[in-house]
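Some notes on the structure that comes next.
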Amino acid sequence: MTAEPMNTESSAGDYSPPSSAIDVTTKKDGGVLKEIIKEGTSDDTPTPGCNVEVHYTGKLTDGTVFDSSRDKNVPFNFQLGKGKVIQAWELGVATMKKGEIAVLHCKHEYAYGIAGSPPKIPPKATLIFEVELLDWEMENLSGKKDAGILRKPVTPGTGIGSPKELAEVEINLIGEYNGRVFDERDVTFCLGEGAEKDIPPGIEKALESFVKGEKSILELKPKYGFGDKGQEKFGIPPGASLVYTVTLKKFEQSKDVWMMTSHEKLDEAKNLKERGTQYFKNEKFETAVKLYKKALEFIDSDAGFEDELLSDRSAVLLALHLNIAMSHLKLKNFTNAKNSCDTALEMDPNSLKALFRRGQALLQLSEPALAKKDFEKVVELEPTNKAAVAQINICIQKQKEIHTKEKKMYANMFEKFAQKDREKEDLERLKGEEAMKGSFGEWGADERQREPTHFERENPDILMLDTAGDFKNM
């Protein structure tokens, strides 16, 4: 239904909300009064960040309907607490339970203000909304449609900034599985390195949306918890969904790249490289890769690097790609290892480590011929490299094994083709025999035992076959 243009002076008039309506504003100034028409069926109410689904009908104080989702027969969805709707809705819907129907009486300060929203809503208009809360879902922080990280705020924080990757955070957490508390502690770590402190990846991802002092309940699906491996230390089985209550006590933000000098960028890259190497030595290869890749972000561009600093940057950059390749080899991510070596060899075509590691990756990818070339290049550059010589012998042996397997495979393939040809020939022969039987009658053993006819006695050679299978005397 579409509202007709209104007289701007009739927006409020002598309208008064019913005495049963309650004030839901924080200031208790009567700006948003809520009248419950039908009680809801749930105990909980939506919190900021939740996605809510409602039906509504909006009226002016004289009863004119200016908007209605029911008329469109399409529910309205929005994210609560994100400024997507008028303030009266933010306050009123946050107090509603699933299935509840309520009327919100909204003064212009909490609706469309002094100006209104012409032509449907006049200036300083008091509005009346009948709202039904159909459903609501907790805020999903996974960044995907899997609803893998759901947040329910308990205590709002302060400030507008959130920690970024590598920021040092101090949190309090309480982890629960099937109602059992399995982890409760204060812990400090850098975002991106939480796995080393038994912090699930879902918590690290969620913290990037927290503000200082915030306390929220997080529901984590298995992928964002301890995954298919579980966590024996806490008695968490594989594929478990978890619930954490997390409070962000404080955080130390790392400096943005664009704010750093070239010296600072290089120092940060070196620092991250060393931290990654410590994780590598402790066989924490996934975390090592994460830190090496983060280090690349600081020096990936050569802008601002000059003279000796440019040379130093190139050396660190090459070392990072080599370390990433080695980490991927340990993780058995052979394609990624090869790609990192390719990048390193673009920087230095004679890098022995890059050639050797790419050869190892290619060997695991069943490319012994290509791997052999890389190891031969290593020996060409460094004739005393016994490890490369040994790898060449492995490549030769691998090539022989592949050749033998292929030869056997093709032999079997040809035998199958030959067998099919023989079967086809046999089938054609049988079809020919059947055709002859149909034309000249049965001439099997039983037929030869019967008494010959007068015609057959007079013409004894008529049914004799020659070696070509043709009838004689016909």
Side-chain angles (χ1 to χ4, degrees), residues 141-144 149 162-169 189-197 199-209 223-224 227 251-305 309-310 312-348 351 353-354 356-358 360-361 364-365:
L141 299 179
S142 70
K144 300 179 180 179
I149 309 172
S162 298
K164 301 177 183 178
E165 190 176 15
L166 297 182
E168 184 177 81
V169 298
F189 63 97
C190 291
L191 285 186
E193 302 176 50
E196 311 314 313
K197 297 288 183 73
I199 304 296
I203 289 183
E204 292 200 85
K205 177 68 176 175
L207 284 170
E208 294 178 3
S209 300
K223 176 182 176 182
Y224 301 92
F251 66 92
E252 185 83 24
Q253 197 75 279
S254 57
K255 199 172 182 179
D256 288 326
V257 177
W258 62 272
M259 297 178 63
M260 292 182 171
T261 66
S262 298
H263 282 282
E264 288 175 328
K265 292 178 184 177
L266 190 57
D267 287 343
E268 185 62 19
K270 288 179 179 179
N271 174 50
L272 291 170
K273 172 177 168 291
E274 291 306 314
R275 283 163 60 183
T277 299
Q278 287 302 314
Y279 284 115
F280 182 92
K281 290 178 179 177
N282 293 327
E283 300 186 352
K284 306 290 186 179
F285 305 120
E286 291 182 350
T287 304
V289 169
K290 190 180 295 185
L291 290 175
Y292 290 145
K293 286 186 175 181
K294 187 64 181 178
L296 288 176
E297 295 179 14
F298 290 90
I299 58 172
D300 211 23
S301 170
D302 61 3
F305 291 92
L309 206 59
L310 184 62
D312 199 3
R313 172 231 174 221
S314 297
V316 175
L317 195 63
L318 178 61
L320 285 169
H321 286 298
L322 291 172
N323 289 357
I324 291 172
M326 191 63 196
S327 298
H328 280 310
L329 285 174
K330 293 291 186 180
L331 291 167
K332 302 187 185 303
N333 298 330
F334 302 116
T335 299
N336 291 339
K338 173 191 171 298
N339 293 340
S340 292
C341 289
D342 288 342
T343 303
L345 287 167
E346 289 175 4
M347 300 176 63
D348 180 5
S351 169
K353 290 181 179 179
F356 192 92
R357 291 171 189 176
R358 188 172 71 175
Q360 288 180 304
Q364 294 297 327
L365 292 170

Step-by-step side-chain contact (heavy atoms from CB on, under 4.5 Å) determination, Lys223 to Lys144
CA-CA 12 Å; Lys223 176 182 176 182; Lys144 300 179 180 179; 3.4 Å; yes
Please walk me through it: do Asp256 and Lys164 pass side-chain contact (heavy atoms from CB on, under 4.5 Å)?
CA-CA 10 Å; Asp256 288 326; Lys164 301 177 183 178; 3.0 Å; yes
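- Of all heavy-atom pairs between Ile299 and Ala269, the closest is CG2-CB, 3.9 Å.
- The line from CG of Asn323 to NZ of Lys273 is 6.0 Å long, rounded to the nearest 0.5 Å.
- Put simply, the side chain of Val289 does not reach to within 4.5 Å of the side chain of Asn336, judged on heavy atoms.
- Residue Leu191 holds its CG atom at 10.5 Å from OG of Ser162, rounded to the nearest 0.5 Å.
- Here ring-ring contact (aromatic ring centres under 6.0 Å, His included) pairs that include residues 272-302, with residues two or more places apart or in two chains, are Phe280-Phe285.
- No donor-acceptor distance shorter than 3.5 angstrom exists from the side chain of Gln364 to the backbone of Phe334, with no hydrogens or angles considered.
- Remark: Ser340 OG to Met326 CE distance equals 12.5 Å, nearest 0.5 Å.
- Across every non-hydrogen atom of Cys341 and Arg358, the tightest pair is SG-N, 3.4 Å.
- Between Ala167 and Pro163, the shortest heavy-atom distance links the atoms CB-CB, 4.0 Å.
- Once rounded to the nearest 0.5 Å, the distance linking CG of Leu266 with CZ of Arg313 reads 9.5 Å.
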Quick one: do Asn282 and Thr287 satisfy side-chain contact (heavy atoms from CB on, under 4.5 Å)? Show the steps, please.
CA-CA 10 Å; Asn282 293 327; Thr287 304; over 6 Å; no
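- In this structure, NZ on Lys255 lies 15.5 Å from CG on Leu166, to the nearest 0.5 angstrom.
- Within a 6.0 Å sphere centred on CD of Glu165, heavy atoms belonging to other residues, nucleotides or ligands number more than 12.
- Using a 4.5 Å heavy-atom cutoff, the side chains of Phe305 and Asp312 are not in contact.
- The two residues Gly276 and Ala288 come nearest to each other via the heavy atoms O-CB, 3.3 Å.
- Side-chain contact between Leu296 and Ile324: present, with at least one pair of heavy atoms (C-beta onward) separated by less than 4.5 Å.
- Summarising the local packing, CD of Gln253 is surrounded by more than 12 heavy atoms from other residues, nucleotides or ligands at distances under 6.0 Å.
- Partner of Leu291 under the side-chain contact (heavy atoms from CB on, under 4.5 Å) criterion, chosen from Lys284, Glu274, Glu193, Gln278: Glu193.
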Show your reasoning for whether side-chain contact (heavy atoms from CB on, under 4.5 Å) applies to Asn339 and Thr335.
CA-CA 6 Å; Asn339 293 340; Thr335 299; 3.9 Å; yes
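- Residue Asn333 is tested with His328, Lys338, Glu286 for a side-chain contact (heavy atoms from CB on, under 4.5 Å); the sole match is His328.
- The two residues Ala337 and Ala325 make their nearest non-hydrogen contact at CB-O, 3.6 Å.
- Separating the CG atom in Asp300 from the NZ atom in Lys265 is a distance of 11.0 Å, to the nearest 0.5 Å.
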